[in-house]
Amino acid sequence: MSEVLIVIGLISVATIFGSMVFFSCVVAPLVFIKLDGPTAGNFIRNIFPWYYLLIGGFSIIAAVVLPFHQPFEGLMMAAVFFGAFISRQVLMPRLNMHRDEDLQGSTEAKKKFTLLHRCSVLINAVQILVCLIVLIRLSIT
């Protein structure tokens, strides 16, 4: 049974890691290269809730099944879930609001958007790094 839980956790973490790297390295750049600004912004705004749901869903699965035999990895995946939750429920609505105000010419909103966007990117990068560490640790046990 413990092997099954570890495999479920491993598949969940691998799915998150692969999805995040693909989105960051392929999808997001291509959207902004191939689509005009307003269309790209609208597309990204609509895909991010699903992106965070995927990360949150798979990270909560890993956070639930891994602690039985890999408590550190389970805790790390709970942190990934927390980052996805904060990004989706707290940062994303504020980012959208400040971006709308920025597009209407507010320089203060532009500053707030830039700061929140940097926070979002940092959270995303840390989540990718955490998933990579968990994958490595699970593969050597």
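- You'll find the side chain of V64 stays beyond 4.5 Å of the side chain of F81, heavy atoms only.
- Other members of the hydrophobic cluster containing W50, listed by chain and number, are L53; membership follows side-chain contacts under 4.5 Å among ILVMFWY residues, whether direct or relayed.
- By the 4.5 Å heavy-atom criterion applied to side chains, I123 and L91 are counted as neighbours.
- Side-chain contact check for L138 versus L66: some heavy-atom pair is nearer than 4.5 Å.
- Hydrophobic cluster of I11: the remaining members, joined at side-chain heavy-atom separations below 4.5 Å, are V7, listed by chain and number.
- Looking only at side-chain heavy atoms (C-beta outward), F17 and Q127 stay at 4.5 Å or farther from each other.
- Hydrophobic clustering keeps L75 apart from M77 (ILVMFWY residues linked when any side-chain heavy atoms are closer than 4.5 Å, directly or through intermediates).
- Of the possible polar contacts, none joining the S120 side chain to the L116 backbone as a donor-acceptor pair under 3.5 Å is found.
- Partners of L54 according to the side-chain contact (heavy atoms from CB on, under 4.5 Å) rule, which considers only residues two or more places apart in sequence or in another chain, are S19, F58.
- The line from CG of L10 to CD of E73 is 11.0 Å long, rounded to the nearest 0.5 Å.
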*Going through the distances and angles, do S24 and N124 end up as a side chain to side chain donor-acceptor pair (under 3.5 Å)?*
CA-CA 9 Å; S24 300; N124 199 59; 3.3 Å; yes

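- Counting heavy atoms from C-beta outward, R88 and P49 have side chains that approach closer than 4.5 Å.
- A donor-acceptor contact shorter than 3.5 Å links the side chain of S139 to the backbone of I136.
- Enclosure of atom CZ in F85 is not indicated, since only 12 or fewer non-hydrogen atoms of other residues, nucleotides or ligands lie within 6.0 angstrom.
- D102 meets the side-chain hydrogen bond (donor to acceptor under 3.5 Å, both in side chains) test with R99; sequence neighbours excluded.
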Identify all side-chain donor-acceptor contacts of residues 105-114 below 3.5 Å with residues at least two apart in sequence or on another chain.
from, atom 1, to, atom 2, distance (Å)
S106, OG, A109, N, 3.1
T114, OG1, K110, O, 2.9

Can you give me every donor-acceptor pair (side chain of residues 40-48, partner residue at least two apart or in another chain, under 3.5 Å) with its distance?
from, atom 1, to, atom 2, distance (Å)
N42, OD1, N46, ND2, 3.1
R45, NE, N96, OD1, 3.3
R45, NH1, D100, OD1, 3.2
R45, NH1, D100, OD2, 3.3
R45, NH2, N96, O, 3.2
R45, NH2, D100, OD1, 2.9
N46, ND2, N42, O, 2.7

